[in-house]
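Reading through the structure tokens given below for one structure.
Position 1 is the first residue of the sequence; numbering continues from there.
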Amino acid sequence: MKIVTNSGNPYGIAYFAAAKYAKKDVEYEIVDINDLKLNPLKHLPFVRLSSGLEIFGKEAAMRFLLSDILESFQRGEEMTEWLLTHFTPVLSQAVILGSRREASLTSKLTTFAKKLDDLLQENEFLAGKTPSGSDFILWSLLTVSGALKEFLTFENLQKWHENFSVRPECHEALSKFKDLNFSSLQSANKFGGTVVSTTLFTSTDESPTVEIITSEEVKLAKEGFIHQSIPDEKEARTVLPKPGERNVLITSALPYVNNVPHLGNIIGCVLSADIFARYARLCGYNTLFICGTDEYGTATETKAIAENMTPQEICDKFFEIHNSIYRWFGIGFDYFGRTTTFEQTQIVQQMFHELFDAGFIETETVAQLLCEKCNRYLADRFVEGTCPHPGCGYEDARGDQCDSCGKLVNATDLIKPRCKLCSTTPVIRDSSQFFINLPKIEPNLRDWFNQAESGWTHNARVITKSWLREGLRPRCITRDLKWGIPVPKPGFEKKVFYVWFDAPIGYMSITSKYSKEWKQWWQPKPDVKISLYQFMAKDNVPFHSVMFPATLLGINKGYTLVSHIMATEYLNYEDGKFSKSRGIGVFGNDAQDTGISADVWRFYLASARPEGQDSSFSWNDLEARNNSELLNNLGNFINRALVFCEKNFSGVIPPMVLQEEDFVLLAQINREFREYVSCMEKAKMRDGIKHILAVSRHGNQFMQLMQPWVLLKGTDDQKTRAGTVIALCANLTVLLATLLFPFMPDTARRIFKQINIPRGVIPASDPRVKMWLKPGHRIGTPEPLFVKIEPKRIEELKKKYSGQQATNGDSSKLVPIILEHMSVQELEIAVAKQGDEIRKLKASTKDKSVWQPQVEQLLALKKQLAGLLGTTLSAVPPQKDKKKKK
């Protein structure tokens, strides 16, 4: 076995040290990158086996070298990918530019270094207790002259490198490989390297190719490109399910109308659903995408009281806000409706009757909290108090759930309950309510879940299993409220349906507004199969995996049940949470004011989508992804190819004389195409984007290798070769526009216009690159697709949406400076004002981090007032009454 590398390439020493660590018999060979004997499609370094086979993908090479000693590669390969695609470009550019670098580059490098330093504080090595390929890669990078000095303040990283360098395999590698430098990385691949430079056409990420292209793949690529037919695009129509077709019904959790959605809300529900719906339509699936606003319930009533409006006025206001925000983001609903409609009332009441007649509704007398001062029964969200669960004791638990321990709460079990509106202690009164008998439905629900869960995300399965593990209990479906759908039973005229029962039925009523034939989707005929995809954040899972399915199973009249629950984790904002009241984070209407296009927002949010764990929005990451992935990679390739065609071939696709290396390229692209389809079928959108970018990287590398601008100056054969290269690259722009369409529809339409075709399609059953643009096809006018986001603009936006916090979580520093000479009256007014502010915040959000600092301020004010009054803090009189007397 031999390591083949160019001189000074850090990855060569990493390969050699890894092979020695695995006790493999290995030699090395230093070659000139310009050696004509080298296969131009191979990256340096690569591993040449005694059989003649060559492994040239870095992840694949490390997997092969360490396969005998490592049991699991997942964590190590994730770290290797991150080092190759993110860390290496930033580190290499920082070292090469030195003092000429921009401050933003240093900031990124520091952020990455801290990530590594924190990781090495918890673990001996990057992926755990033993070295992995990522350790050898990182060690080789930091061994480059000048690299390590960038991290003098990171003790864990420094110590790790020092200890790793004295390992025998590393010591031997250092004796054989000299003068490591980042310039060698740039020249290590004839397609272009992994190092960010100041030149325009440099690819910034490592090629994800991990295996050798087989002759069969080349054969299939050749067949697909030359001979495969291109399917026709289906015309737009009213979408109804059809026998024998793949019928896809898509919903996203109905957003409440009590607030403006922030970026986390948008990617967690409607944007994820829209991306998948656009993908499904491209595949030719019979697709319907339905959504709308959830307008009934306590949250709406609370917001109406806070804004001194009627619930209907609040609904009308926020429906328009939501609708306009989603339109700006390019969310392509087939129909966007609302739940305050006649159809919603009709269907909810009908389904209640069906459930009642089936024997799954029972009446129970329940103790409810009545606020005598407000003269109203208090819904769960109108009650606060101390959590009753042992070991918790959280003082601001809601009447339905404790945000501290996460457990469900009965409002009557709260310790020291208080009305959220007036803070008066409510009294208990008996009230008759309807309950759905979930235990009676549970056996059928379990059987259905066992069959359906395979199509769900991991967190949806875990959450549902936890509910079933504890056993289901009867759940109340009615409430003593005014704002909601009336209960159609004598004696219950003053009650309405609880929102958890009402809201999911909104999917049906909104579909009925779309088409009178809505039951074809929700009560399909036996020969029609419906795949129901529901997108949501994880907090909505129980309502879609337990409550709503139990209702439909109880009715047992052939209603469509969810087959795919696609639940995300939470998207945070920088190092904290979104907070409208504190001006922290970007909300839907804010995004429009940044000057950044909706498509860039869509791309970034999909890239940061919290699919397996919580993720964070970062302004620096947004800048990097726009400038590196969109501008320098994707946009650069498309613009280069089309401009070259326009200037040198009069905008006409030239004749193609395809060679073997062209089909090898197509085989590589087909791999990415297949993986893209595989990811998108599972709604793994972050990974889908990776494969789009890999296609454009391959294209950039191919152009860089073939250099058509040089070939045009040569012989006739070389000019023909230049035309073939450009025609091939132009066809790749069709694929890129098609794959990009679900994520960036406006950008994709611009590309289609520039290449002068209506739109692409995705043959999901056989994803191969086709000759979409045949010789003689005339393209449109090429134009740049993306613009650079300047670091200065990022700093402005970061400051604008950072809110007022400046304490990094130290709430004690938020307490205001209290003047010693304030009078009792002045302090009473200050306490009353602060109390009002807290009540408003609590009414607008359940996030304790938003209002807890304000509570600290209130306690400080009360403490000073108590000192002046000569009493204890608890003896300070209620400030609400003081304010009224004033």
Side-chain angles (χ1 to χ4, degrees), residues 1-33 35 37-73 75-77 79-81 83-84 88 125-145 147 160-161 163-182 184-185 187-190 193-194 206-213:
M1 179 173 59
K2 183 177 290 186
I3 307 297
V4 181
T5 185
N6 56 319
S7 178
N9 191 330
Y11 293 149
I13 191 174
Y15 281 22
F16 188 86
K20 287 296 181 180
Y21 171 66
K23 296 182 168 45
K24 283 185 165 58
D25 186 15
V26 63
E27 299 176 354
Y28 69 96
E29 178 183 355
I30 303 295
V31 297
D32 186 343
I33 188 65
D35 189 343
K37 296 179 182 179
L38 286 176
N39 186 326
L41 296 181
K42 290 183 171 54
H43 305 251
L44 290 174
F46 59 84
V47 179
R48 178 179 291 151
L49 307 183
S50 57
S51 64
L53 291 176
E54 295 171 340
I55 304 173
F56 58 92
K58 294 180 178 58
E59 296 95 331
M62 280 298 182
R63 184 188 306 130
F64 172 79
L65 293 172
L66 299 173
S67 59
D68 296 337
I69 58 174
L70 294 184
E71 296 181 358
S72 174
F73 289 93
R75 178 58 180 160
E77 289 194 350
M79 282 303 304
T80 298
E81 181 187 9
L83 289 169
L84 296 172
T88 304
F125 300 100
L126 293 178
K129 297 181 180 179
T130 58
S132 67
S134 59
D135 291 280
F136 289 101
I137 291 290
L138 179 60
W139 170 75
S140 71
L141 295 173
L142 297 188
T143 305
V144 174
S145 176
W160 170 87
H161 185 265
N163 293 338
F164 209 84
S165 296
V166 299
R167 299 177 65 89
E169 60 271 12
C170 294
H171 189 270
E172 182 178 354
L174 283 170
S175 68
K176 299 181 182 298
F177 292 80
K178 307 291 185 181
D179 300 324
L180 303 181
N181 61 84
F182 289 120
S184 295
L185 287 183
S187 60
N189 168 22
K190 287 189 175 182
T194 64
E206 171 63 22
S207 170
T209 304
V210 296
E211 296 177 4
I212 300 169
I213 297 294

field: Heavy-atom pair of closest approach, residues Met62 and Ala18
entry: SD-CB, 3.8 Å
- prompt: Are any non-hydrogen side-chain atoms of Phe64 and Leu49 less than 4.5 angstrom apart?
  reply: yes
message: To the nearest 0.5 Å, what is the distance between SG on Cys170 and CG on Asn163?
response: 11.0 Å
statement: Applying side-chain contact (heavy atoms from CB on, under 4.5 Å) to Ser165 and not counting sequence neighbours gives Trp139, His161
query: For Glu172, which residues count as a salt bridge (charged side-chain N to carboxylate O under 4.0 Å, His left out) partner, sequence neighbours excluded?
result: Lys20
- prompt: Heavy atoms, side chains only, cut-off 4.5 Å: are Ile3 and Val26 in contact?
  reply: yes
query: Distance-only, no hydrogens or angles: does the Lys24 side chain make a donor-acceptor pair with backbone N or O of Leu65 under 3.5 Å?
result: yes
Nearest non-hydrogen partners of Pro10 and Val144, listed with the distance: CG-CG2, 3.5 Å
- prompt: Hey, is the main chain of Asn6 close enough, under 3.5 Å, to the side chain of Asn9 for a donor-acceptor pair?
  reply: no
Side chain to side chain contact (heavy atoms under 4.5 Å, CB included) between Leu126 and Leu83, worked out: CA-CA 11 Å; Leu126 293 178; Leu83 289 169; 4.2 Å; yes
query: Between atom CG of Asn181 and atom OG of Ser7, what is the distance when rounded to the nearest 0.5 Å?
result: 7.5 Å
statement: Nearest heavy-atom approach of Ile13 to Ala173 is CG1-CB, 3.5 Å
query: To the nearest 0.5 Å, what is the distance between CZ (Arg167) and CG (Asp135)?
result: 8.5 Å
Sub-4.5 Å side-chain heavy-atom contact between Met79 and Ile137: no
query: Are Phe136 and Phe164 near enough that their ring centres are under 6.0 Å apart?
result: yes
- request: Please name the pair of heavy atoms, one in Ala19 and one in Met1, separated by the smallest distance, quoted to 0.1 Å.
  value: CB-CE, 4.4 Å
- request: Decide yes or no for Tyr28 and Val4: does some side-chain heavy atom of the first lie under 4.5 Å from some side-chain heavy atom of the second?
  value: no
query: Does the side chain of Phe46 reach to within under 4.5 Å of the side chain of Lys2, using non-hydrogen atoms?
result: no
query: Phe125 versus Ser132: any side-chain heavy-atom pair under 4.5 Å?
result: no
field: Side-chain heavy atoms of Tyr11 within contact of Thr88, under 4.5 Å
entry: yes
query: Can you check whether Ser134's main-chain N or O pairs, donor with acceptor, with Thr80's side chain at less than 3.5 Å?
result: yes
message: Is it the case that atom CD in Glu27 sees more than 12 heavy atoms from other parts of the structure closer than 6.0 Å?
response: no
